[in-house]
Number of protein chains: 2
Amino acid sequence: MSNYGLNHTNYERVRDFIRSDIATGVYPPGHRLKLSELEKRYGVSAAPIRDALQQLQGEGFIVFLPNRGASVRQIDRDFLWQVYEIRKAVETYFVRELADRITPKELDSLRKALTRHERALAKTNEGLIHDLDAEFHGLIITATKNTEAAAILGRHYTMIRPMRVRFGRSAERRQQLPREHLAILSAIEARDGASASQLISQHIDLAFEDLAKMVLSANSIS
Amino acid sequence: MSNYGLNHTNYERVRDFIRSDIATGVYPPGHRLKLSELEKRYGVSAAPIRDALQQLQGEGFIVFLPNRGASVRQIDRDFLWQVYEIRKAVETYFVRELADRITPKELDSLRKALTRHERALAKTNEGLIHDLDAEFHGLIITATKNTEAAAILGRHYTMIRPMRVRFGRSAERRQQLPREHLAILSAIEARDGASASQLISQHIDLAFEDLAKMVLSANSIS
DNA sequence: AAGTGGTCTAGACCACCTT
DNA sequence: AGGTGGTCTAGACCACTTA
């Protein structure tokens with residue numbers, strides 16, 4: 001395993017590799033993470049791998065069963081709904097707060113993120129689209145300086161990424177997405193917290209409905 | 001170590017013991033959790049203790065520094081503020097949703113929790129007061145069936161417990177607390193989500209201001 | 001009863017701090 | 001350089017599954 005990144009210990013590197021491998025779908029939901037396989041893949045022995053897995057269990061990415069080790073967390077419809085409810089609660093609140101106190105620099109980074117997102121939507125790379133969508137929403141939370149909230153929502157984004165990438169977005173939704181982001185951005189620029197909050201609430205509802213629809217129709221054909 | 005509880009492995013038992021020892025102030029913020037000491041205290045070797053510590057790092061209770069092991073997370077004023085902001089975002093949202101759909105049974109458990117809290121306030125057991133306060137707020141989230149939100153807020157409650165217990169509440173606050181809870185409960189009973197949301201927002205603001213004041217005055221004398 | 005794979009112990013190794 | 005304490009390896013042990 002390379003020394004890539006700034007992490008100094010094996011368990012930190014292994015943790016970041018496994019988290020990334022879960023986010024990119026290398027290990028699908030429910031996949032059993034066996035020590036022997038992980039030892040081969042990452043070239044270290046059991047202890048640093050167990051350290052990494054336990055930390056990821058604390059973060060909610062994997063689940064341990066006593067004497068049965070770890071598997072990747074299953075993302076069912078109910079969990080998906082819970083995550084979107086939390087996003088709505090947190091993002092509607094924070095965007096309202098933010099509208100009053102956002103700086104020109106922060107506004108500029110939001111505009112740039114929106115531009116990047118628009119450009120990505122022309123292509124069909126679902127992973128990139130998801131990440132730039134996440135970036136836009138992440139910047140709103142980052143601007144409020146609430147690192148704890150940013151960490152929680154960031155973990156949620158990472159957890160649902162594989163599902164989002166796998167099922168994609170409907171064509172209409174893909175068209176609507178940057179418009180909704182622009183509307184939110186404009187409301188923030190106009191210092192209209194109430195509107196921004198209202199818009200982001202609708203935006204998250206639509207995102208959830210679209211995802212739920214795509215998941216459902218995918219299930220019914222398979 | 002006893003087989004107390006339903007946990008089947010040593011790392012699970014150790015994890016629960018350490019989490020509880022952090023919540024009750026046995027290990028204060030900043031305390032370095034040395035393996036040799038923990039091995040003696042819990043009667044097991046390094047591996048299950050490391051497993052437990054890594055999981056607690058994932059949950060946010062402790063922090064690892066590379067090659068320096070684990071210490072209990074420091075709760076500074078900024079983190080406290082972040083946690084209360086998240087509580088406001090989540091609880092104002094969920095109580096609004098809940099007002100429409102709460103069942104008589106859930107209402108009853110809220111009433112009972114309030115009664116227990118009122119009785120506890122007569123005594124001066126800060127730990128119990130905190131736990132029953134947490135119970136009331138926890139029941140609101142539990143009633144929404146969002147286990148992920150309940151887990152997040154529950155962790156936050158556990159993290160700030162030692163500080164809350166150490167600095168206590170002002171006499172006025174202690175008087176006000178059950179009245180505010182009653183007002184929130186009444187608004188929920190009246191199916192008035194907007195009022196309940198508004199009341200819980202003020203309630204959390206007052207709780208934060210009181211805590212911040214107590215911490216500040218304690219700092220200025222010490 | 002054998003096989004698989006997770007959990008735990010003992011001890012080596014190594015990074016960092018102190019003298 | 002020596003000491004402290006965290007990290008990692010090898011292997012024993014043990015729970016659970018399958019035959």
Side-chain angles (χ1 to χ4, degrees), chain A residues 1-19 21-22 26-74, chain B residues 1-19 21-22 26-74:
Chain A
M1 201 170 23
S2 77
N3 219 322
Y4 191 79
L6 302 161
N7 297 324
H8 297 143
T9 58
N10 282 342
Y11 68 82
E12 290 171 301
R13 284 190 285 272
V14 171
R15 173 201 62 201
D16 293 345
F17 271 112
I18 297 178
R19 200 198 287 107
D21 283 342
I22 291 173
V26 173
Y27 304 127
H31 178 86
R32 231 182 125 182
L33 296 158
K34 295 185 191 168
L35 285 176
S36 54
E37 286 167 17
L38 298 172
E39 285 173 23
K40 258 184 287 178
R41 182 169 170 89
Y42 303 113
V44 293
S45 67
I49 292 186
R50 279 188 68 85
D51 282 351
L53 291 174
Q54 292 289 356
Q55 203 171 320
L56 292 171
Q57 147 131 303
E59 294 177 13
F61 289 98
I62 69 184
V63 176
F64 268 80
L65 291 173
N67 295 307
R68 301 222 43 199
S71 357
V72 179
R73 180 192 202 133
Q74 295 279 7
Chain B
M1 199 168 23
S2 76
N3 218 323
Y4 189 81
L6 302 161
N7 296 325
H8 298 144
T9 57
N10 283 342
Y11 68 83
E12 289 171 301
R13 284 190 286 271
V14 170
R15 174 201 62 200
D16 293 345
F17 271 112
I18 298 178
R19 200 197 288 105
D21 283 342
I22 291 173
V26 174
Y27 304 128
H31 178 87
R32 229 181 128 181
L33 296 157
K34 295 185 190 170
L35 285 176
S36 54
E37 287 167 16
L38 299 172
E39 285 174 24
K40 259 183 287 179
R41 182 169 171 91
Y42 303 113
V44 293
S45 68
I49 292 186
R50 280 188 67 85
D51 282 351
L53 292 173
Q54 291 290 357
Q55 202 171 319
L56 292 170
Q57 147 130 307
E59 294 178 13
F61 289 98
I62 69 183
V63 176
F64 268 80
L65 291 174
N67 296 307
R68 301 222 40 200
S71 353
V72 179
R73 181 193 201 133
Q74 296 278 7

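Note on naming: letters A, B, ... go to the chains in the order of the sequence lines (proteins, then strands), and numbering restarts at 1 for each one. Note that this is a predicted model, so its numbers are computed, not measured.
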To the nearest Å, how far apart are A:Lys34 NZ and C:dT7 P? 14 Å
Interatomic distance, A:Glu12 CD vs D:dC8 C1' [rounded to whole Å]: 14 Å
Distance in angstrom units between A:Asn10 CG and D:dT7 C1', rounded: 8 Å
Among the nucleotides D:dC8, C:dT7, D:dT7, whichever has the atom closest to the side chain of A:Pro48 is D:dC8
Would you please confirm or rule out a distance under 4.0 Å between OP1 or OP2 of C:dT7 and any side-chain N or O of A:Arg68? no
Stepwise side chain to side chain contact (heavy atoms under 4.5 Å, CB included) test for A:Arg50 and A:Leu35: CA-CA 8 Å; A:Arg50 279 188 68 85; A:Leu35 285 176; 4.1 Å; yes
Could you check how far CZ of A:Phe64 sits from C1' of D:dA15, rounded to whole Å? 16 Å
Judged by each residue's nearest nucleotide on DNA chain D, which is more toward the 5′ side, B:Ala70 or A:Asn67? B:Ala70
Sugar-phosphate, base or nothing in reach of A:Ser45, heavy atoms under 4.0 Å: base
A:Leu35 has an atom CG; how far is it from atom P of C:dG3, in whole Å? 21 Å
Determine, stepwise, if the pair B:Arg32 / B:Arg68 fulfils side chain to side chain contact (heavy atoms under 4.5 Å, CB included). CA-CA 9 Å; B:Arg32 229 181 128 181; B:Arg68 301 222 40 200; 3.1 Å; yes
For the pair made of CD in B:Gln54 and P in D:dG6, what is the distance, rounded to whole Å? 12 Å
Do the rings of A:Tyr11 and B:Phe64 sit parallel, tilted or perpendicular, given the 30° and 60° boundaries? perpendicular
Identify, between A:Pro66 and A:Ala47, the residue whose nearest nucleotide on DNA chain D lies closer to the 5' end. A:Ala47
B:Tyr11 side chain, from C-beta outward: closest of D:dT7, C:dT7, C:dT9: C:dT7
Counting C-beta onward and ignoring hydrogens, is there a side-chain heavy-atom pair between A:Asn10 and A:Tyr42 closer than 4.5 Å? no
What is the distance, to the nearest angstrom, from the CG atom on B:Leu33 to the P atom on D:dT4? 20 Å
Less than 4.0 angstrom from a charged side-chain N to a carboxylate O is my criterion; do A:Arg19 and A:Asp16 meet it? yes
Whole Å only: how far is the CZ atom of A:Arg32 from the P atom of D:dT17? 10 Å
